[in-house]
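In what follows, a structure is listed as structure tokens, so that the remarks can point back to it.
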Amino acid sequence: NKNTSAIVLQRLATDTNNSVRIAVASNENTDPQTLQTLSADEDISVRVNLATNKNTDIRTLQRLVSDRTVAVRRELLKNTNINSDIIQTL
């Protein structure tokens, strides 16, 4: 939901249901700190959605460059915040 506050999203980021964490990772209201936390999520779909979130900060995007899953690294290319260093590394 686009009206969900950052505080609520922060709490939902630790939900045991991966569908909830996927929704948090893709929500445009999720703050960069919460997105950074989600970058270590065990669920690939969470990290894939995180890779394209426009609020994901550059430090977290750089962390995802070395993600073990190709799909996560591929989705980084769709994020308009990536810089040339990330593109070269990919």
Side-chain angles (χ1 to χ4, degrees):
N1 183 334
K2 292 183 179 185
N3 296 321
T4 306
S5 72
I7 293 170
V8 171
L9 290 166
Q10 185 177 26
R11 284 192 299 242
L12 292 173
T14 60
D15 197 281
T16 56
N17 184 324
N18 67 329
S19 295
V20 172
R21 297 191 318 276
I22 289 166
V24 172
S26 62
N27 192 300
E28 63 187 36
N29 291 332
T30 305
D31 66 85
Q33 182 63 37
T34 301
L35 294 172
Q36 181 181 3
T37 301
L38 288 171
S39 70
D41 198 283
E42 63 188 37
D43 189 280
I44 294 167
S45 296
V46 171
R47 298 190 318 274
V48 163
N49 280 278
L50 172 66
T52 59
N53 188 317
K54 67 179 182 173
N55 288 335
T56 304
D57 65 18
I58 196 70
R59 194 169 96 207
T60 303
L61 293 173
Q62 288 171 327
R63 181 179 186 178
L64 292 173
V65 165
S66 60
D67 195 280
R68 67 185 178 277
T69 306
V70 173
V72 173
R73 298 190 310 267
R74 184 177 50 237
E75 291 301 305
L76 281 172
L77 293 171
K78 296 178 183 176
N79 192 310
T80 57
N81 294 328
I82 63 170
N83 59 30
S84 59
D85 290 339
I86 292 174
I87 293 171
Q88 282 185 327
T89 303
L90 290 171

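Just so we're clear, the structure is a prediction, and the values are computed from it rather than from any experiment.
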Residue pairs passing the salt bridge (charged side-chain N to carboxylate O under 4.0 Å, His left out) test where at least one lies in residues 71-90, sequence neighbours excluded: E75-K78
Side-chain donor/acceptor of T34 to backbone N/O of T30, under 3.5 Å: no
Reported OG1-to-CG distance for the pair T52 and L50, which is rounded to 0.5 angstrom: 8.0 Å
Contacts of T14 that satisfy side-chain contact (heavy atoms from CB on, under 4.5 Å) - sequence neighbours left out: none
Check: A51 main-chain N/O paired with N79 side-chain donor or acceptor under 3.5 Å: yes
Nearest atoms (heavy-atom pairs only) where N49 meets S26: OD1-CB, 3.7 Å
Sequence neighbours excluded - salt bridge (charged side-chain N to carboxylate O under 4.0 Å, His left out) pairs with any residue from residues 6-16: none
Exam field: side chain N27 to backbone A23, donor-acceptor pair closer than 3.5 Å: no
CG-OG distance between N29 and S5, expressed to the nearest 0.5 angstrom: 8.0 Å
Expected list for residues 58-65: side-chain donor-acceptor pairs under 3.5 angstrom, two or more places apart:
| from | atom 1 | to | atom 2 | distance (Å) |
| --- | --- | --- | --- | --- |
| R59 | NH2 | Q36 | OE1 | 3.0 |
| T60 | OG1 | D57 | OD1 | 2.7 |
| R63 | NH1 | S39 | OG | 3.1 |

With K54 via salt bridge (Lys or Arg N to Asp or Glu O under 4.0 Å) - residues at least two apart: none
Contact summary for I22 and S45, nearest pair of heavy atoms: CD1-CB, 3.4 Å
Pairs where residues 18-46 contributes a residue and the test salt bridge (charged side-chain N to carboxylate O under 4.0 Å, His left out) is met, not counting sequence neighbours: R21-D41
Shared hydrophobic cluster for L77 and I44 (ILVMFWY, side-chain gaps under 4.5 Å): yes
Flag, side chain of T69 to backbone of V72, donor-acceptor distance under 3.5 Å: no
T56 OG1 to I82 CD1 distance, which is reported to the nearest 0.5 Å: 12.0 Å
